[in-house]
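For reference, the structure is listed below as structure tokens.
Position 1 is the first residue of the sequence; numbering continues from there.
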Amino acid sequence: MGISRDSLHKKRATGGKKKVWRKKRKYELGRQPSMTKLSSNKTVRRVRVRGGNVKWRALRLDTGNYSWGSEAVTRKSRILDVVYNASNNELVRTQTLVKSAIIQVDAAPFRQWYEQHYGQDIGRKKKAAAAAKKETTEEGEATAEEEKKKSKHLLRKIEKRQEGHKLDPHLEEQFGSGRLLAAIASRPGQCGRADGYILEGRELEFYMKKIQRKKGKGAGAA
């Protein structure tokens, strides 16, 4: 019969059946869901739609552009995992990328930007950093040279940026693990991209609680 987006087959608000008094229309058609999967083998299909327009149907993706709102910076990052979906747990199990899915992205591009912008290490344990410095003296010399290269103007600029700046403790913890929680804001099945934003503040706390509760239920069932 084909997928239709009409409301003729729906019942009335009172529960009564409606009589189908006309055939389906082209503008009411629907298509199969793309069910975009998390995979390194990127696959995007071109779909010709009504009016000669084009949609891009992503079948497999593993990267996207993610925005860090409070810092007003966007970086291309690798999607590592799908961890939560409010609509269906099956979409988490099958690693399906849809709008509003909560995912984990690689923190490296954002860490590099932060360290360059604020001149501070982020998410690195002090002991590990000290051990690394002892092992690689050459690298230490190279970083010292880089520090020398920085002009006084740049150092003043970095110092001013650091004034009154504080990183969210939850975000700092995530930088330590190398994975940031993010939400997909685009529609991969419509535009062929999985772009979104890094979770922060109360929204981050909300989803962290949800994920923790889900883990607890899973452990209880096991």
Side-chain angles (χ1 to χ4, degrees), residues 33-45 56-125 128-129 132 161 165-216 218:
S34 64
M35 305 299 278
T36 309
K37 301 296 178 204
L38 176 57
S39 169
S40 58
N41 181 23
K42 183 182 174 181
T43 309
V44 180
R45 295 274 181 266
W56 297 97
R57 185 85 76 237
L59 303 178
R60 288 182 285 274
L61 287 175
D62 73 332
T63 56
N65 293 327
Y66 289 88
S67 171
W68 187 356
S70 63
E71 297 291 348
V73 64
T74 303
R75 288 289 179 272
K76 185 178 180 179
S77 188
R78 200 159 53 89
I79 301 168
L80 303 173
D81 195 12
V82 180
V83 290
Y84 183 76
N85 193 308
S87 63
N88 193 348
N89 281 334
E90 195 68 8
L91 299 178
V92 178
R93 190 185 68 80
T94 54
Q95 300 280 281
T96 305
L97 302 173
V98 293
K99 185 177 177 176
S100 297
I102 304 304
I103 57 171
Q104 284 182 332
V105 298
D106 185 16
F110 295 99
R111 180 192 280 131
Q112 284 168 5
W113 173 84
Y114 189 92
E115 288 175 1
Q116 186 185 10
H117 191 73
Y118 288 106
Q120 293 176 334
D121 282 353
I122 182 175
R124 288 179 183 166
K125 291 175 183 176
R161 284 172 187 162
H165 176 267
K166 196 181 177 187
L167 186 67
D168 185 343
H170 292 307
L171 271 178
E172 197 166 357
E173 193 181 316
Q174 287 180 55
F175 271 111
S177 65
R179 290 167 173 240
L180 297 175
L181 283 175
I184 296 176
S186 67
R187 300 170 70 193
Q190 304 290 315
C191 65
R193 299 167 69 96
D195 297 341
Y197 59 94
I198 303 299
L199 295 177
E200 297 179 86
R202 291 178 71 180
E203 191 179 11
L204 174 59
E205 286 171 18
F206 174 82
Y207 282 114
M208 282 175 80
K209 280 178 190 172
K210 287 279 185 188
I211 293 162
Q212 201 60 42
R213 201 175 296 160
K214 198 178 122 192
K215 280 182 183 174

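- D106 places no side-chain N or O within donor-acceptor distance of the main-chain N or O of R78, the cut-off being under 3.5 Å.
- Not counting sequence neighbours, the partners of N85 by the side-chain hydrogen bond (donor to acceptor under 3.5 Å, both in side chains) test are S87.
- In this structure, I211 and L181 have side chains that are in contact, with non-hydrogen atoms separated by less than 4.5 Å.
- Side-chain atoms of D81 do not come within 3.5 Å of backbone N or O of V83 as any donor-acceptor pair.
- If you take CG on L199 and CD1 on I102, they are separated by 5.0 Å, rounding to the nearest 0.5 Å.
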For salt bridge (charged side-chain N to carboxylate O under 4.0 Å, His left out), just list the numbers for R202 and E205, CA-CA rounded to whole Å, side-chain angles, deciding distance to a tenth of an Å, and then say yes or no.
-> CA-CA 5 Å; R202 291 178 71 180; E205 286 171 18; over 6 Å; no
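- Looking at heavy atoms from C-beta onward, I184 lies in side-chain contact with L97 at the 4.5 angstrom threshold.
- With rounding to the nearest 0.5 angstrom, the CD1 atom of I79 is 3.5 Å from the OH atom of Y66.
- Residues satisfying the side chain to side chain contact (heavy atoms under 4.5 Å, CB included) criterion with S100, sequence neighbours excluded, are absent altogether.
- Contact between D62 and S40 at its shortest, heavy atoms only, is OD2-CA, 3.5 Å.
- With values rounded to the nearest 0.5 angstrom, L180 atom CG is found 9.5 Å from E200 atom CD.
- Summarising the local packing, CZ of R193 is surrounded by 12 or fewer heavy atoms from other residues, nucleotides or ligands at distances under 6.0 Å.
- The closest side-chain heavy-atom distance from R93 to V82 is not below 4.5 Å.
- The closest side-chain heavy-atom distance from K214 to V92 is below 4.5 Å.
- No donor-acceptor contact under 3.5 angstrom links the side chains of S39 and R60, judged on distance only.
- With values rounded to the nearest 0.5 angstrom, I198 atom CD1 is found 8.0 Å from L171 atom CG.
- Residues satisfying the side chain to side chain contact (heavy atoms under 4.5 Å, CB included) test with K99, not counting sequence neighbours, are R187.
- A donor-acceptor pair under 3.5 Å is formed between the side chain of S186 and the backbone N or O of D195.
- Applying the side-chain hydrogen bond (donor to acceptor under 3.5 Å, both in side chains) rule to pairs touching residues 172-184 yields Q104-R179, sequence neighbours excluded.
- Once rounded to the nearest 0.5 Å, the distance linking OG of S34 with CZ of R45 reads 12.0 Å.
- Side-chain contact between E71 and Y118 is present, with heavy atoms from C-beta onward closer than 4.5 Å.
- Here the CG atom belonging to L59 is positioned 12.0 Å from the NZ atom belonging to K42, to the nearest 0.5 angstrom.
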When the side chains of residues 107-115 are checked against the rest of the protein, which donor-acceptor pairs come out under 3.5 Å, sequence neighbours left out?
from : atom 1 : to   : atom 2 : distance (Å)
R111 : NE     : I122 : O      : 3.3
R111 : NH2    : F175 : O      : 2.5
Y114 : OH     : H165 : ND1    : 3.4

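- Not counting sequence neighbours, Y197 has no partner by the ring pair (Phe, Tyr, Trp, His ring centres under 6.0 Å) test.
- When all heavy atoms are compared, the tightest approach of T36 to A58 is OG1-O, 2.6 Å.
- Contact between L80 and G178 at its shortest, heavy atoms only, is CD1-O, 4.4 Å.
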